[in-house]
Amino acid sequence: QVQLVESGGGLVQAGGSLRLSCVASGRTFSTYVMGWFREAPGKEREFVAFRSGGGGATAYGDSVKGRFSISRDNAKNTVYLQMNSLKPEDTAIYYCAADRSFGSSRSRSAGGYAYWGQGTQVTVSS
């Protein structure tokens, strides 16, 4: 069982930056693929980014590519999402997710993750 706790959300003006953190329990964090998803009101959960367990593979959703960056510190059991040049349409609840099985397509899907955090709200004002 893996428990995930996100932090770092908040209110920011358009063009600003935020860094989200997600701390995972457990001793095998480095073996898990870690992902970030977001869900805006009335919309489906959207893939934001993933980073594989070894850190060698990363991917981003088209809407955040070039603005967001995912990183991980396996020694701290933590994955980060650096969000720059934020836009009002980035407003959503952001969720951290983890799974032991990695796949370049699978890890872009919410169904590819067994463990989820409680989410952190990000609001971008115009």
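Put simply, the side chain of Trp116 does not reach to within 4.5 Å of the side chain of Cys96, judged on heavy atoms. The shortest side-chain heavy-atom distance between Arg72 and Ser52 does not fall under the 4.5 Å cut-off.
Among all heavy-atom pairs drawn from Gly119 and Ile93, the shortest one is CA-CG2, 3.8 Å.
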Glu46 and Ser63: CA distance, side-chain angles, deciding distance, side chain to side chain donor-acceptor pair (under 3.5 Å) verdict: CA-CA 10 Å; Glu46 177 189 11; Ser63 61; 2.9 Å; yes
Please assess Leu4 against Gln118 for the test side-chain contact (heavy atoms from CB on, under 4.5 Å), listing each intermediate value before the final yes or no. CA-CA 8 Å; Leu4 305 172; Gln118 82 289 350; over 6 Å; no
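To the nearest 0.5 Å, the span separating CZ on Arg38 from CD on Glu89 amounts to 8.0 Å. Taking CG of Leu81 as the reference point, atom CZ of Arg51 lies at 11.5 Å (rounded to 0.5 Å).
Remark: Asp62 engages Lys65 in a salt bridge, criterion side-chain N to carboxylate O under 4.0 Å.
Residues satisfying the side-chain hydrogen bond (donor to acceptor under 3.5 Å, both in side chains) criterion with Ser101, sequence neighbours excluded, are absent altogether. Under the side-chain hydrogen bond (donor to acceptor under 3.5 Å, both in side chains) criterion, Arg45 pairs with Glu39, not counting sequence neighbours. Asp99 meets the side-chain hydrogen bond (donor to acceptor under 3.5 Å, both in side chains) test with Arg106; sequence neighbours excluded.
Between the side chain of Tyr60 and the main chain of Arg67, no donor-acceptor pair closer than 3.5 Å is present. Between the side chain of Thr91 and the main chain of Thr123, no donor-acceptor pair closer than 3.5 Å is present.
Residues Tyr80 and Ile70 do not share a hydrophobic cluster, clusters being chains of Ile/Leu/Val/Met/Phe/Trp/Tyr side chains in contact below 4.5 Å. Cluster annotation: Phe47 is not connected to Met34 through the hydrophobic network of ILVMFWY side chains, with a link wherever side-chain heavy atoms come within less than 4.5 Å.
The hydrophobic cluster around Leu11 extends to none of the other residues, as no ILVMFWY side-chain heavy atom falls under 4.5 Å of it.
Residue pairs meeting the ring pair (Phe, Tyr, Trp, His ring centres under 6.0 Å) criterion with at least one partner in residues 90-115, sequence neighbours excluded, are Phe37-Tyr113, Phe50-Phe102.
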Taking only distance into account, with no hydrogens and no angle test, what donor-acceptor pairs under 3.5 Å do side-chain atoms of residues 16-32 form with protein atoms, sequence neighbours excluded?
from  : atom 1 : to    : atom 2 : distance (Å)
Ser17 : OG     : Asn84 : OD1    : 2.9
Ser25 : OG     : Gln3  : N      : 2.8
Thr31 : OG1    : Thr28 : O      : 2.7

